[in-house]
Amino acid sequence: MALEAAGHLSEETLSLWKREQARLKALLVDRDTEAWQRDPAFSGLQRVGGVDVSFVKGDSVSACASLVVLTYPELEVVYEDSRMISLTAPYISGFLAFREMPFLVDAVHRLQEKEPNLMPQVLLVDGNGVLHHQGLPCIGVAKKLLQVEGLENNAAHKEKIQLLHAGGDTFPLMGGSGTVLGMALKSHDHSTKPLYISVGHKISLEAAVRLTHCCCRFRIPEPVRQADIRSREYIRRTLGLSGPPVPGQERNQKGPKSKAHPKGGSAEPAEENRHPEDPSKGPGTDPEAP
DNA sequence: GCGACAG
DNA sequence: ATCTTGTCGC
């Protein structure tokens, strides 16, 4: 199983994890609890958060966890907390939260201490919510379909994707039991691959999908995208060039050393970000070519 | 043995 | 998650 590939995880630990997931699932609220969630324009919503973890390439332990807070509807970053972390739990499909969530929760706690006024009203997370084997409370914004409950990324599924016409179009993801586990969402007009949205906590699936769509300037909703960009950039600018030197790459860097920004656990109102465009994923574009 | 496998 | 080159388009 995936368990072995990830190391020796005791059956006891796995049982504890499953029990914890069941416990949390029982507490999960999958309906709107805030007024803004039912408002057509999300009036009252002012801050949306996003979190992500990026890894150091050769390492499965060293990573950077980022929490960002964006204004709504402008989607401008007003808070960033990026810091290196050392993961302890292995990655096991179905138990992602046990690997990454503790550090993201820490970031939320730091935000509560330092800038409580910037606490987001909703948080978008990489991964799945109830679209999950057990159903962890978290807002799910997945980029790939997790094949559970009979869901399959098969020909039929791909056909439905083809039928998605404009940004905002969706189709339900039905589990074997007939339950709607989530929605596939074409996040913008020129996106080929949909996003897989599932409810996390205290929000309805409908509102979750609508909000995710409203947060998309590109395929990935800005909160998650900014957290992703910034966590990777943080790694690149700190230990990015400290990796083991490659034999055939002895180039000299004589340029002036850029001032080491006091980012050690940065939690600063990220002000810049005044560039009109930037599919800053790779040099080209995302896997989104029409 | 083979297929699956969010990040 | 990460590696990885070029290509097309605004």
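Remember, predicted model here, so these are calculated numbers, not experimental data. In the text below, chain A, chain B and the rest are named by the order of the sequence lines, each starting its count at 1.
Here the P atom of nucleotide C/dA1 and the CD1 atom of A/Ile92 are 18 Å apart, to the nearest Å. Following rounding to the nearest Å, A/Asp228 (CG) and B/dG7 (P) show an atom-to-atom distance of 11 Å. Residue A/Leu87 contributes atom CG, which lies 12 Å from atom P of C/dT2 at whole-angstrom precision. If you measure from atom CG of A/Asn154 to atom P of B/dA4, you get 11 Å, rounded to the nearest angstrom. What separates CZ of A/Arg232 from P of C/dA1 is a distance of 7 Å, to the nearest Å. Atom CG in A/Asp52 sits about 8 Å away from atom P in C/dT2, given to the nearest Å. The separation between A/His190 atom NE2 and C/dC8 atom C1' is 14 Å, rounded to whole Å. Rounded to an integer number of Å, the gap from A/Leu104 CG to B/dA6 P is 18 Å.
Classification of A/Arg23 and A/Glu20 as a salt-bridged pair holds, one side-chain N sitting under 4.0 Å from a carboxylate O.
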Quiz item: Under the side chain to side chain contact (heavy atoms under 4.5 Å, CB included) criterion, do A/Lys193 and A/Lys143 qualify, and how do the steps go?
Solution: CA-CA 8 Å; A/Lys193 299 173 58 177; A/Lys143 299 180 284 294; 5.7 Å; no

Quiz item: Hey, mind stepping through A/Ser204 and A/Asp32 against side chain to side chain donor-acceptor pair (under 3.5 Å) and telling me if it holds?
Solution: CA-CA 5 Å; A/Ser204 65; A/Asp32 293 325; 3.0 Å; yes

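Each of C/dT2, B/dC5, B/dG7 was ranked by its minimum atom distance to the side chain of A/Lys57; first place goes to C/dT2. Nearest nucleotide to the A/Gln147 side chain, out of B/dA4, B/dA6, C/dT2: B/dA4.
For the C1' atoms, the distance linking B/dC5 with C/dT2 amounts to 16 Å, nearest Å.
Using a 4.0 Å heavy-atom criterion, one finds that A/Ser60 contacts no nucleic acid atom at all.
Using cut-offs of 30° and 60° for the angle between ring planes, the A/Trp17 and A/Phe95 rings count as tilted.
Contact between the side-chain N/O atoms of A/Tyr91 and the OP1/OP2 oxygens of B/dA6 is found at a separation under 4.0 Å.
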